Amino acid sequence: MDAVRLSAWVHGTVQGVGFRWWTRSRALELGLTGYARNARDGRVHVIAEGPRAAGEKLLGLLRSGQTPGRVSLVVESWEPARGDMSGFEER
């Protein structure tokens, strides 16, 4: 199975509510590498690399309504993995 890179921009009330920590925990459980970082405009940018199925699961969790805060929209894009990350960070 080829590794992919998910880029997800998460809109809503997602800063200052533990969202990045929650995302990191879910990503690590799924065996993904990458990071979640706050953007200046209030969104959170999530980059996750690993098997497509694990990325799809993370994306589903981001859209599940079970996250800290309130997610109003997730905009995703996919590309081949770059393999330049290890672990999963909160930035």
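Keep in mind the model is a prediction, meaning the values are calculated, not measured.
Taking the side chain as every heavy atom from C-beta outward, L58 and V46 approach each other to under 4.5 Å. Looking at heavy atoms from C-beta onward, T23 lies out of side-chain contact with V44 at the 4.5 angstrom threshold. Residues L6 and L32 have side chains not in contact (no heavy-atom distance under 4.5 Å, counting atoms from C-beta outward).
Side-chain atoms of Q15 never come within 3.5 Å of backbone atoms of D41 as a donor-acceptor pair (strictly under, hydrogens ignored).
Separating the OG atom in S72 from the CZ atom in R43 is a distance of 11.0 Å, to the nearest 0.5 Å.
Qualifying salt bridge (charged side-chain N to carboxylate O under 4.0 Å, His left out) partners for R91, counting only residues two or more places apart in sequence or in other chains: E89. Partners of S7 by side chain to side chain contact (heavy atoms under 4.5 Å, CB included), not counting sequence neighbours, listed by chain and number: W9, H45, I47, S77.
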**Asked** Given L62 and V71, is the side-chain contact (heavy atoms from CB on, under 4.5 Å) satisfied, shown in steps?
**Response** CA-CA 8 Å; L62 295 174; V71 173; 5.9 Å; no

**Request:** Please report the C-alpha distance between V74 and L59 in whole Å, then the side-chain angles of each, then the deciding distance to 0.1 Å, and finally whether the side-chain contact (heavy atoms from CB on, under 4.5 Å) criterion is met.
**Result:** CA-CA 8 Å; V74 180; L59 189 59; 3.7 Å; yes

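Residue G83 comes nearest to E49 through the heavy atom pair N-OE1, 2.9 Å, listed as atom of the first residue, atom of the second, then distance. Minimum interatomic distance between P68 and G18 (heavy atoms only, all atoms of both residues): CG-O, 3.7 Å.
Counting only residues at least two apart or on different chains, the salt bridge (Lys or Arg N to Asp or Glu O under 4.0 Å) pairs with a member in residues 65-88 are R5-D84, R63-E76, E79-R82. Annotation: ring pair (Phe, Tyr, Trp, His ring centres under 6.0 Å) contacts involving residues 10-37, sequence neighbours excluded, are absent. Among residue pairs with one or both ends in residues 6-27, those qualifying as salt bridge (Lys or Arg N to Asp or Glu O under 4.0 Å) are R26-E29; sequence neighbours excluded. Sorted by first and then second residue, the ring pair (Phe, Tyr, Trp, His ring centres under 6.0 Å) pairs with a member in residues 63-91 form an empty list; sequence neighbours excluded.
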